[in-house]
Amino acid sequence: MPELPDVEGFREVLVSCAQGRVIRHVEVRDAGVLHGVSARRLREALEGRRFTGAERHGKWLLARTGGPTVALHFGMTGLLVCAGPDEEAAPHDRVLFTVGTGRQLRYRDQRKLQGLWLAEDETAVERLLARQGPDALAVDRERFEAALCARRGTIKTVLTDQSVVAGLGNLLADEILWRARVRPAAHANELTEDDRRRLYTQMRRTLRSAVPTGRVPPRDSWLTGHRDTPSPHCPRCGEPLRRSRLGGRTTVWCAQCQ
DNA sequence: CAGCTTGTTAGGTT
DNA sequence: TAACCTAACAAGCT
């Protein structure tokens, strides 16, 4: 689930729920989501501080406190919710931050594929993000196109490689390729200049319209609205959609349009 | 029980 | 080096 638009939504949850508020209590209900930090150290580092700001890079979310920074990654099933402190925790609420008076920010994750890190200083933040390419919403056309030229793998794999451009996942990559009319199995370094142009333009357009929704919206006019239907057809030309496997992920595309 | 899932990464091979 | 594949991680669902 969580790709760039989802994580941007979680950033907004963090801001509206917790920004500027004092962290009164940190409750780790499942330490299995903590990486490189104990529940005890997390509490000790955060309780009494404030959440001062929230930044997103790709699929990473950084919660600033003026001291250590909490880095969150949501894997496939993670999310951030704001609740009242008396609301019963959901079964997969793993870490609860009670902030200000009467609010609780909750890291919820069914599968625990990623989780929370505590970066003690800016160097530690940089280490966590060291392998991330430029954010998909911030990268300029020139850098994006140059990155594609430098890669020989299939364009689908390249788009979802976080070290090339950060924030695109399986659904977004398929959606962008379909809109740009590029075959997912095409090799990145064999694309025409025009292909690269369209990919950049459609990446921007797709992200801009997905971000306010907080996810890749399964609209009828989008490819994403059809990938889970029993016998999906292309919403643009009506051809049956193809389903194949690239880079170990299910890839949905239209042989007619792409 | 087998197979599937929107993410990442280590390890092995090409 | 780069690219590619698989397994592994965890916890569901069909």
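Sequence lines set the chain letters: A, B, ... in the order given, protein chains first and strands last, and positions in each chain run from 1. Fair warning: this is a prediction, and the values are worked out from it, not measured in the lab.
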With the side chain of [X] defined as its heavy atoms from C-beta on, choose the nearest nucleotide among [options].
X        : options              : answer
A:Asn170 : B:dG7, B:dT5, C:dG12 : B:dG7
A:Gln110 : C:dG12, B:dT5, B:dG7 : C:dG12
A:Arg94  : C:dA3, C:dA11, B:dT5 : C:dA11

For a quick check under 3.5 Å, do [X] and [Y] share a side-chain donor-acceptor pair by atom type?
X        : Y        : result
A:Arg219 : A:Thr224 : no
A:Glu175 : A:Thr206 : no
A:Arg64  : A:Thr69  : yes
A:Asp161 : A:Ser163 : yes

Ignoring backbone atoms, establish whether [X] has a side-chain N or O less than 4.0 Å from OP1 or OP2 of [N].
X        : N     : result
A:Gln162 : B:dT8 : yes
A:Arg131 : B:dG7 : no
A:His73  : B:dT8 : yes
A:Lys112 : C:dC9 : no

Next on the checklist: Under 4.0 Å, heavy atoms only, any strand: does A:His187 hit a base, just the sugar-phosphate, or nothing?
Outcome noted: sugar-phosphate
Checklist outcome for this item: Intra- and inter-strand pairing of DNA chain B, written as dot-bracket with Watson-Crick and G-U pairs under 3.5 Å and | for the latter, reads .||||.||||||||
Item to check | Between B:dA2 and C:dA7 - P atom distance, rounded Å | outcome: 15 Å
Item to check | Nearest-Å distance once atom P is located in both B:dT8 and C:dT1 | outcome: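 Pairwise P distance, B:dT8 against C:dT1, rounds to 24 Å.
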When the distance from [atom1] of [X] to [atom2] of [N] is rounded to whole Å, what number comes out?
X        : N      : atom1 : atom2 : value
A:Asn189 : C:dC4  : CG    : C1'   : 15 Å
A:Leu148 : C:dA3  : CG    : C1'   : 16 Å
A:Leu159 : C:dA3  : CG    : C1'   : 16 Å
A:Leu79  : C:dG12 : CG    : P     : 15 Å
A:Leu113 : C:dG12 : CG    : P     : 12 Å
A:Arg108 : C:dA11 : CZ    : P     : 16 Å
A:Ile155 : C:dA3  : CD1   : P     : 12 Å
A:Met76  : B:dT9  : CE    : C1'   : 14 Å

Checklist entry - Do A:Arg183's NZ or CZ and the ring of A:Trp253 fall within the cation-pi criteria of under 6.0 Å and 45°? => result no
Next on the checklist: Using ring centroids (six-membered ring only for Trp), state whether A:Phe97 and A:Tyr107 fall under 6.0 Å.
Outcome noted: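 A:Tyr107 vs A:Phe97: aromatic centres not under 6.0 Å.
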Item to check | Contact residues, residues 246-258 of chain A to DNA chain B [heavy atom, < 4.0 Å] | outcome: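 Residues of residues 246-258 of chain A under 4.0 Å from DNA chain B: A:Arg249, A:Thr250.
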Checklist entry - Of A:Asp109 and A:Arg151, whose nearest nucleotide on DNA chain C comes first from the 5' end? => result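 On the 5' side of the pair lies A:Arg151.
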Item to check | Residues in disulfide bond (SG atoms under 2.5 Å apart) contact with A:Cys17, at least two apart in sequence or another chain | outcome: A:Cys82
Checklist entry - Between A:Arg249 and A:Thr157, is a side-chain contact (heavy atoms from CB on, under 4.5 Å) present by the stated rule, with each step listed? => result CA-CA 9 Å; A:Arg249 325 300 303 183; A:Thr157 309; over 6 Å; no
Checklist entry - Charged N to carboxylate O under 4.0 angstrom, A:Arg41 versus A:Glu120? => result yes
Checklist entry - Which of these, A:Leu116, A:Val7, A:Leu62, A:Val95, sits in a side chain to side chain contact (heavy atoms under 4.5 Å, CB included) with A:Leu72? => result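 Single pass found, and it is A:Leu116.
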